[in-house]
2 protein chains.
Amino acid sequence: MAASKSPTRRRILDTGARLFRRNGYTGTGLKQITGEAGAPFGSLYHFFPGGKRELAAEIIRTEGAGYARTFDVVRAEDAVAGLRAWFAGAAEVLEAGDYADACPIAAIALEVASTDDDLRQATAEVFTDWIEQAAARFTEAGIAPARARTLAVSAIASLEGAFVLARALRSPEPVLSAGEIVVAAVERELAS
Amino acid sequence: MAASKSPTRRRILDTGARLFRRNGYTGTGLKQITGEAGAPFGSLYHFFPGGKRELAAEIIRTEGAGYARTFDVVRAEDAVAGLRAWFAGAAEVLEAGDYADACPIAAIALEVASTDDDLRQATAEVFTDWIEQAAARFTEAGIAPARARTLAVSAIASLEGAFVLARALRSPEPVLSAGEIVVAAVERELAS
DNA sequence: GTCTATACTTTGATAGAC
DNA sequence: GTCTATCAAAGTATAGAC
């Protein structure tokens, strides 16, 4: 079908992703999305019959998968340098985008955690994927599986929380400080 | 004036704090707040003429100050044990409250960061206070100021991000893992 | 099948009765 | 000063013209 290739559908998804990321789930209106996407309001329900929840679910999954690829910079050959680059890159993107674009799903995740179990589960699957991918990379680098998972969870949590502080403070400091501690922890683990 | 002691005003603040914490800023309605608080709708505008924004600003400040006191468990005499208790306590509260009550202002902070500069600044002041208090405690424990600040920012960011993951995954693991890494970092710093 | 117009609900906010 | 009734606007969702 042509639906999956429709440029209108693409624009709705991209615009929705940007607005959800910046203004949150309830903070973003469907009229606002179609308006900024230059799409007729009815098109949203044509492509997403389930309405706002179906749109959000797809955005959570695709944006989650997309953001997972930023972790590709962490190569098993030099996990420490890669991890350092991961945090530095996040800080740069944040500054360049005026502290508007941090984690693509954090704002949604906090809002739906206690109010919409389907969407909560979608965010949980994304976070689980990130954790497993990061843990696999650390394991390949030579860290024992259990320890690799602890470090993976900690790395992702640190960046996630640093994003919260950085957006509020309009400063890259939290991302850089959090990165420093996590990088040192991984470095120390590999040296042991 | 009696206003500051009014039980109605108190109930509005407490209910608002709980709902903002769980459902976010735009995700919480004023009618929902007064409804659950058992207060007439008009009372909200009587006590908070500035409406939703004034109410949110006060909640951010008071809840922020209240949460700062949880860090009192970190005593300069034994910062490592205190920090360990801080994370463990956060994990316990989270589980006990069915993953609904984590950071009192994180959901608001992410939502207003790019949409309401007054409220963003209120959250920034809270985070700044937390960072300074934690850094002071680490300094008292014998860590050099610059390093103490890096560790303070990292500790708060780690917990903040762990809360995001924990609420989505409905698991205390992120809080415990993040705590493990941060505690080890402080421990190592004190040993050096 | 694309899109416009509308239905219905809920939102934040006010006015005014008591 | 406490509270009820109502406002205009924005929210999601749908119906139906073309």
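Within every chain, numbering begins at 1; the chains are lettered A, B, ... in the order of the sequence lines, protein sequences first and strands thereafter. From a predicted model like this one, the values you see are computed outputs, not experimental measurements. Only this structure's heavy atoms are used, side chains among them; waters, hydrogens and symmetry mates stay out.
Of the possible polar contacts, none joining the R149(B) side chain to the A135(B) backbone as a donor-acceptor pair under 3.5 Å is found.
Contact detail for E187(A) and V80(A): the closest heavy-atom pair is CA-CG2, 3.8 Å.
Using a 4.0 Å cutoff on non-hydrogen atoms, the parts of residues 21-30 of chain B near DNA chain C are T28(B), G29(B), L30(B), ordered by number.
Salt-bridge formation is not detected for the pair R75(A)/D78(A): no Lys NZ or Arg NE/NH1/NH2 atom is positioned less than 4.0 Å from an Asp or Glu carboxylate oxygen. Salt-bridge formation is not detected for the pair D101(B)/R18(B): no Lys NZ or Arg NE/NH1/NH2 atom is positioned less than 4.0 Å from an Asp or Glu carboxylate oxygen.
Put simply, OH on Y45(A) is 17 Å from P on dT4(C), counting in whole angstrom units. Across the protein-nucleic acid pair, K52(B) atom NZ and dA13(C) atom C1' stand 12 Å apart, rounded to whole Å. Going from atom CZ of F48(B) over to atom P of dT14(C) covers 16 Å, rounded to whole Å. A straight line from CG of L19(B) to P of dT11(C) spans 12 Å, rounded to a whole angstrom. The nearest whole Å value for the distance from the NZ atom in K31(A) to the P atom in dT11(C) is 15 Å.
Applying the ring pair (Phe, Tyr, Trp, His ring centres under 6.0 Å) test to every pair with at least one member in residues 9-34 of chain A, sequence neighbours left out, gives these pairs: F20(A)-Y25(A).
Using cut-offs of 30° and 60° for the angle between ring planes, the W86(B) and F71(B) rings count as perpendicular. In this structure, W130(A) and F127(A) have perpendicular ring planes: the angle between them is above 60°, well past the 30° mark.
Side chains of I59(A) and R21(A) form no contact here, defined as non-hydrogen atoms less than 4.5 Å apart.
Nucleotides of DNA chain D that come within less than 4.0 Å of any heavy atom of chain A span, from the 5' end to the 3' end, dG11(D) to dT14(D).
At a threshold of 4.0 angstrom between heavy atoms, the contacts of G42(B) include nucleobase atoms, whether or not backbone atoms are also involved.
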